[in-house]
Number of protein chains: 2
Amino acid sequence: MSDNGLDAVKLDGAGPVYDQIRRAIRDLVLNGAWPPGTSVPPEHALMERLGASRMTVHRALVQLAREGLITRRRRSGTVVASPPASHAMLDILSIPDEVRRLGQDYSFEILSRRDGKPAPEVAALFELKRAAPVIHLVTRHLSGGQPHVLEERVIHLATVPGAADESFETVPPGDWLLQHSLWSQAEHALSAVAAGPREAELLGIGRGEPCLLVERRTWNQESPVTAVRLLYPGGRHRFVGRFGPYGRV
Amino acid sequence: MSDNGLDAVKLDGAGPVYDQIRRAIRDLVLNGAWPPGTSVPPEHALMERLGASRMTVHRALVQLAREGLITRRRRSGTVVASPPASHAMLDILSIPDEVRRLGQDYSFEILSRRDGKPAPEVAALFELKRAAPVIHLVTRHLSGGQPHVLEERVIHLATVPGAADESFETVPPGDWLLQHSLWSQAEHALSAVAAGPREAELLGIGRGEPCLLVERRTWNQESPVTAVRLLYPGGRHRFVGRFGPYGRV
DNA sequence: GCTATCTAATTGCATATGCAAATAGCAAGC
DNA sequence: GCTTGCTATTTGCATATGCAATTAGATAGC
C-alpha cells in the first residue's frame, strides 16, 4: 500500500457528500483500520481521490476533529487521535489510574479464573444465544493495601482471542483489554446493592452494607467484548459528573 | 423592538468570525434573552446586520444546531430549542416523567417545608459563605401508590425569588424549578448508602437496606439555584447509559 | 556540527455564487 | 368551506477562489 491508506476511503452515495466522507473516515477509525497515530491523507489528496472540492473535504474533517476522532495541525497534517482515557463520569476507566489519581498505591490479585463455556447466568449477561467460550475472572483491586473494588469479568474469546494466552499477572484484565481490544459501544448500569457474605469478606466490610454496583457491557460492532460487574464499598466511593443544560461542559 | 432581537447579536472581535457569531447567539440563548421558542433571525438578516457572508453565518448556525441549542427547518426558519428533558443517564430529569415512562401512576406529597436561613450543614451543601435565605423541602414521590424516591431539596431564594410564593401543592419542586428557573451548570454525585430509620420508614424498606443516593447541585452563572438529594431504594432502581469510545452515541 | 533562514506543504478562514429541497401562506377553483 | 396548486422564503449543499497562519524540513551560513 504505497498510498498510505488513501484508497481505503470509499463513499457510499447516501446523503450529502461531506457526510459520506465523514462517515467513511470515521468507520476506518472505529474499525481499527486506521489506528491512533495513523496520518490521514491531506485535504488535497482526498479531494482528488474523491472528486470533491476542498471545502467539502474540509467540512468533513473539521467535523471529525470536533468529535475528537482526529487532530489536525497546519503543515503537520491530520492524524487519528487516541480515544480519551476517561470522560467525566462513567467512562471506561482504568482502575489503577483511578486509584493512583487518589494518591494511593495500587495492586491487584486474581482470585479466580475459569476458561470455557460460561454458566447460564453469565451467558445471559451478554445476551448470548449459545454458550460461547469465555474467560471468567474475579479480581480484587487494592488501594494502599485496602480493598478498593471487586471485579467480576467475562471476556468473550471469539472477539478477543488473544486473552486466552494472557495470564493477567502483571496487568489487570480491564487494562489489558483497553490495550488489546477495540470497542465501539458500551452500556453502563448503576445500582445500589447489599454486600453478600463472600463479597463483604473480600471487601473488608460488614454483611449487608451498601455497595455501588457498576455493570458494564462492551461490544465491538455487534460482537460482545466483555462484561464486568464492579462492586464498590458504598461509603467510600462516589461518582461525580458535571454538565450544562445542553450537554457536558 | 421591531427587529425581533436582531440587534441583540453583537460580535466581540475575538477569534474567527463564525465563532463570534456562534458565541453571540449561544450567549443570548443561555442567558435567557432568547428563551426556547424564540425565532432566530434568518441567515440573510444576520448576514446584513453583521456584515458577514451567508456561508459564514450559516456555519455558525449549523454548529449551534448540532450542539442542540437551536433547531432549523427550511422555510420555517430557525428557533431556539428547548433543553432536552433528559440525556441518557444523569441529567436533570423530571421525576413525574420518569415514573410515567415506567407506566405507573404518579403522585407526590410534601412532607415538610421550612423557609428561612438554612441549617449550617445545608449551607455547606451549597458552599455558601453566609447563611442565605432558602426554602428547605422534603418530598416523597410515589409510583403506583408505592414510595418511589425521597427528595430533600434546598432552593436558593436570592436566585429564584418566585419560589417563596409557590405552594408546591400541584407541581413538585423539581418540575417547578425546571419551568421557572434557568441553570447553566450542574454537578452530580452518585453513591450507595444505607437507609436510616426514618428514611426506611418513608420508603417502605428495611433499616440499613442499600439505597442509591443522587446528589445534585445546580448553578446559574455562579449563583446557586438548588441542591437536592434523591434517595432511591437500591433494589428497585438502576441508571443506565450508553456510549462509544469517543463519547455518547 | 550548529544555528538562522527560507520554502513549501498543509490547514484555517472568509467570500461569492448557484442551485436544490422543503414548505408556509396565499390564491384559485370547486 | 374545502382542496389544490403556486410562489416566495428559508435553509442545505457544493464549488471555486484567495489569502492567512503555522511549521516541518531543506538550505545556507557560521
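Proteins come first, then strands; the chains are lettered A, B, ... in the order of their sequence lines, and each starts at number 1.
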Problem - Contact residues, residues 17-27 of chain B to DNA chain C [heavy atom, < 4.0 Å] - result: B:V17, B:Y18
Problem - Check: A:N31 side chain, A:A33 main-chain N or O, donor-acceptor pair, under 3.5 Å - result: no
Exercise for the section: Go through the structure and list residues passing ring pair (Phe, Tyr, Trp, His ring centres under 6.0 Å) with B:H58, not counting sequence neighbours. Expected result: none
Practice task
Please answer whether the main-chain N or O of A:V228 pairs with a side-chain N or O of A:E215 as donor and acceptor at a distance below 3.5 Å.
Solution key: no
Problem - Donor-acceptor pair, side chain of B:T159 and main chain of B:P224, under 3.5 angstrom - result: yes
Produce the list of close N/O pairs, under 3.5 Å, pairing protein atoms with atoms of nucleotides 4-9 of chain D; give distances to one decimal.
from, atom 1, to, atom 2, distance (Å)
D:dA8, N3, B:R75, NH1, 3.4

Problem - Start and end of the DNA chain C segment that chain A contacts, any atom under 4.0 Å from a heavy atom - result: C:dA8 to C:dA14
Practice task
Using a strict 4.0 Å threshold on nitrogen-to-oxygen distance, state whether B:E43 and B:R59 make a salt bridge.
Solution key: no
Problem - Side-chain donor/acceptor of A:S181 to backbone N/O of A:L177, under 3.5 Å - result: yes
Exercise for the section: For B:R229 and B:V214, indicate whether the former's side chain and the latter's backbone hold a donor-acceptor pair under 3.5 Å. Expected result: no
Practice task
For the pair B:E151 (side chain) and B:L230 (backbone), establish whether a donor and an acceptor sit closer than 3.5 Å, ignoring hydrogens and angles.
Solution key: no
Handout entry: B:T226 side chain vs B:V154 backbone, donor-acceptor pair below 3.5 Å
Key = yes
Problem - Salt bridge flag under 4.0 Å for residues A:R23 and A:D19 - result: yes
Problem - Contact residues, residues 44-59 of chain B to DNA chain C [heavy atom, < 4.0 Å] - result: B:G51, B:A52, B:S53, B:R54, B:M55, B:T56, B:R59
Exercise for the section: With sequence neighbours excluded, tell me which residues meet ring pair (Phe, Tyr, Trp, His ring centres under 6.0 Å) with B:F168. Expected result: B:W176
Handout entry: Donor-acceptor under 3.5 Å (A:Q63 side chain, A:R22 main chain)
Key = no
